[in-house]
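One structure below.
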Amino acid sequence: MLDVKTLRGDLDGVAAQLRRRGYELDTKRYQALEEERRTLQVRTQELQNERKTRSKAIGQAKAAGEDIQPLLDEVSALSDRVSEAEEGLAAVQRELHEIHLGLPNLPHPDVPDGDDESDNVPLRHWGEPAAFDFTPRDHVALGALANGMDFEAAARIAASRFVVLRGPVARLHRALAGYMLDVHTREHGYEEVYVPYLVAPQTLEGTGQLPKFEEDLFAVSGDHPLYLIPTAEVPVTNLAGQQIIEAAALPLRMVAQTPCFRSEAGSYGKDTRGMIRQHQFEKVELVHISHPERSYEALEELTGHAERVLRDLGLAYRVVTLCTGDMGFAAAKTYDLEVWLPGQQAYREISSCSNTEAFQARRMQARWRNPETGRPEPVHTLNGSGLAVGRCLIAVLENYQEADGRVRLPEVLRPYFGGAEYLS
RNA sequence: GGAGAGGUGGCUGAGUGGUCGAAAGCGCCGCACUCGAAAUGCGGUGACCCUUUACGGGGUCCGGGGGUUCGAAUCCCUCCCUCUCCGCCA
């Protein structure tokens with residue numbers, strides 16, 4: 001949610017910034033609604049004040065043993081007028097609130113303009129795409145070779161866009177997640193958290209998935225309206241929701257490994273082969289709850305923490321700054337990490353690190369106490385994959401394959417395999 | 001799943017349908033006392049929103065929602081949550 005004070009004070013400025021990311025705000029309608037709201041609110045509060053004062057007087061008169069009937073007659077109609085005013089105000093406020101919930105975040109000034117991913121700006125590279133003296137297989141072929149990746153079984157017991165991993169491949173998957181958690185908790189100072197995978201609608205509203213993107217989610221049938229989380233960002237960031245955090249406690253850094261569930265509606269033709277785009281995948285997620293003035297330093301740090309994993313694994317990657325048109329709804333600035341996949345001869349997204357500034361914090365009322373003002377103010381929230389485990393599995397398989405189809409293990413993963421050099 | 005108890009400010013915990021955003025204690029902040037600290041005394045100390053250049057003024061909030069009433073923390077309905085006992089279970 002944007003700051004309503006900014007919206008009121010600089011509506012055209014806000015509209016211009018939203019236009020950068022392709023969002024057209026109807027400023028005339030907004031202005032009109034806002035004026036209506038102001039009038040109604042002032043009027044409503046006056047009426048409430050009158051009712052309060054008069055009711056108090058009745059109480060006093062009664063206590064004094066006076067006849068209160070004349071007073072009662074006098075206020076009899078007032079109550080209805082108050083309710084009427086309250087309802088009118090509530091309706092306008094609901095309408096404004098809906099608009100507010102639908103507005104995407106403002107892009108940071110540094111974010112390049114653009115329409116889609118082709119306008120993203122590469123920032124830096126690390127490592128060189130692996131050279132093979134044979135034609136590298138993709139992960140589907142490698143997985144089949146090891147009898148460790150079974151899409152048919154998954155389709156049989158669930159649906160397409162699921163996978164069953166077996167044996168060494170399943171173990172590699174677990175090792176990757178374990179390794180990431182170990183690095184982030186031991187060396188980067190994150191607190192490991194275990195969170196619900198089903199969350200309430202207001203939680204998804206807090207991070208921005210609802211109300212606009214319900215079609216991307218899986219809802220669960222039952223007595224409670226619950227959704228499967230599309231990312232651990234949702235439950236973990238919301239841990240700060242409805243809280244007032246003392247300044248000394250900032251920043252909070254949390255890491256969680258969770259499955260992520262996405263309906264992938266609207267991506268029917270895309271990445272149908274293999275594990276690239278699944279309805280369920282595992283991710284190790286990093287979340288920062290930051291002091292507002294330090295959130296951009298935090299974004300660099302967080303991105304660095306995700307990069308660290310790729311470097312440790314010896315995987316070539318690049319960092320790109322997303323353009324205004326490719327950024328997520330809640331983000332003010334996003335870096336994507338793209339790993340080299342020999343099977344596709346392309347860099348593919350493996351992590352996305354964003355600063356949402358106060359956008360999510362306002363929605364979920366995540367605040368800190370500013371010692372300078374003594375008042376609660378919104379924190380800044382950041383999140384990033386550190387990393388997407390499924391895609392990381394693909395990257396390791398494809399980058400570490402040898403001519404005979406065997407897969408060598410990156411040094412840092414060998415302790416998770418009893419020191420073995422090869423996956424088996 | 002069955003039976004019962006309860007959800008009040010940072011915490012503990014009072015609260016009669018009427019001047020209650022709410023006693024008291026603790027905690028925290030300021031001041032006084034002190035060389036300093038402790039103890040003590042005095043004062044202050046919730047969130048959200050509207051309005052105002054400012055000083056200030058006003059409204060809402062006692063788990064959520066709805067109702068009764070001139071007036072609801074207090075009465076009624078409903079949902080959620082917590083605790084205790086029983087059952088069941090990883």
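All heavy atoms count here, side chains included; hydrogens, waters and symmetry mates do not. Letters A, B, ... mirror the listed sequences (proteins, then strands); counts begin at 1. Because the structure is predicted, anything quoted here is derived from the model rather than measured.
The aromatic rings of A:H184 and A:Y190 stand perpendicular to each other, their planes meeting at an angle above 60°, with 30° marking the opposite boundary. The aromatic rings of A:H139 and A:F151 sit perpendicular to each other, their planes meeting at more than 60°, with 30° as the lower class boundary.
For B:G30, the paired nucleotide is B:C42, the pair qualifying as Watson-Crick or G-U wobble because both relevant distances are below 3.5 Å. Under the Watson-Crick or G-U wobble criterion, with both distances below 3.5 Å, B:G25 is paired with B:C11.
Between the CD atom of A:Q242 and the P atom of B:C81 there is a distance of 15 Å, given to the nearest Å. We find that CG of A:L40 is positioned 12 Å from P of B:U51, with the value rounded to whole Å. Atom-to-atom, CZ of A:R362 to P of B:C49 comes out at 11 Å; the value is rounded to the nearest Å. Rounded to whole Å, atom P of B:U53 lies 15 Å from atom NZ of A:K5. Put simply, OH on A:Y194 is 17 Å from P on B:A90, counting in whole angstrom units.
For the pair A:R21 and A:P107, the minimum side-chain heavy-atom distance is below 4.5 Å. With a 4.5 Å cut-off on side-chain heavy atoms, A:I289 and A:M254 count as touching.
Side-chain atoms of A:H224 never come within 3.5 Å of backbone atoms of A:L226 as a donor-acceptor pair (strictly under, hydrogens ignored). Here the side chain of A:Q209 pairs no donor or acceptor atom with the backbone of A:L217 at under 3.5 angstrom.
Taking the C1' atoms as reference points, B:G43 lies 23 Å from B:A47, given to the whole Å. One C1' atom belongs to B:G66, the other to B:A14, and the distance between them is 28 Å to the nearest Å. B:U82 and B:U45 have their P atoms separated by 34 Å, with the value rounded to a whole Å. Taking the P atoms as reference points, B:U8 lies 22 Å from B:U60, given to the whole Å. Separating the P atom of B:G9 from that of B:U74 is a span of 15 Å, rounded to the nearest Å. Between the C1' atoms of B:C88 and B:A3, the separation comes to 16 Å (whole Å). Using P as the reference atom, B:A22 and B:C76 are 25 Å apart when rounded to the nearest Å. Comparing B:C50 with B:U68, their P atoms sit 29 Å apart, to the nearest whole Å.
Two rings, from A:F359 and A:F329, have their centers less than 6.0 Å apart.
Comparing A:H224 and A:Q93 by the nucleotide of RNA chain B that holds the closest heavy atom to each, the one mapping nearer the 5' end is A:Q93.
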Counting primed atoms plus P, OP1 and OP2 as sugar-phosphate and everything else as base, spell out the protein contacts along nucleotides 57-64 of chain B at 4.0 Å heavy-atom distance: B, S or - for each nucleotide, 5' to 3'.
-BSS----
How would nucleotides 14-19 of chain B be written as a contact map, 5' to 3', with B for base contact, S for sugar-phosphate-only contact and - for no contact, using protein heavy atoms under 4.0 Å?
----BB
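Of the candidates A:E357, A:H380, A:K333, A:E357 is the only one forming a side chain to side chain donor-acceptor pair (under 3.5 Å) with A:Y296. Tested against A:L393 for a side-chain contact (heavy atoms from CB on, under 4.5 Å), the candidates A:M149, A:E282, A:R174 yield a single pass: A:M149.
By the side-chain contact (heavy atoms from CB on, under 4.5 Å) test, A:E84 pairs with no residue at all, sequence neighbours left out. Under the ring pair (Phe, Tyr, Trp, His ring centres under 6.0 Å) criterion, A:Y335 pairs with no residue, sequence neighbours left out.
Pairing each heavy atom of A:T203 with each of A:N238, the nearest pair is O-ND2, 2.9 Å.
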Which atom pairs, one a donor and one an acceptor, fall under 3.5 Å between side chains of residues 95-106 of chain A and the rest of the protein, sequence neighbours left out?
{"unit_1": "A:E95", "atom_1": "OE2", "unit_2": "A:R29", "atom_2": "NH2", "d": "3.1"}
{"unit_1": "A:H100", "atom_1": "ND1", "unit_2": "A:L96", "atom_2": "O", "d": "3.4"}
{"unit_1": "A:H100", "atom_1": "NE2", "unit_2": "A:Y30", "atom_2": "OH", "d": "2.7"}
{"unit_1": "A:N105", "atom_1": "ND2", "unit_2": "A:A330", "atom_2": "O", "d": "2.9"}
{"unit_1": "A:N105", "atom_1": "ND2", "unit_2": "A:T356", "atom_2": "O", "d": "3.1"}

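Distances shorter than 4.0 Å separate some side-chain N or O of A:R38 from OP1 or OP2 on B:U51. Dashed line: the shortest gap from a side-chain N or O of A:R81 to OP1 or OP2 of B:C70 is not under 4.0 Å.
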Please tabulate, one pair per line, each protein N/O and nucleotide N/O from nucleotides 45-47 of chain B that are separated by under 3.5 Å, including the distance.
{"unit_1": "B:A47", "atom_1": "OP1", "unit_2": "A:R369", "atom_2": "NH1", "d": "3.2"}
{"unit_1": "B:A47", "atom_1": "O3'", "unit_2": "A:R367", "atom_2": "NH1", "d": "3.1"}

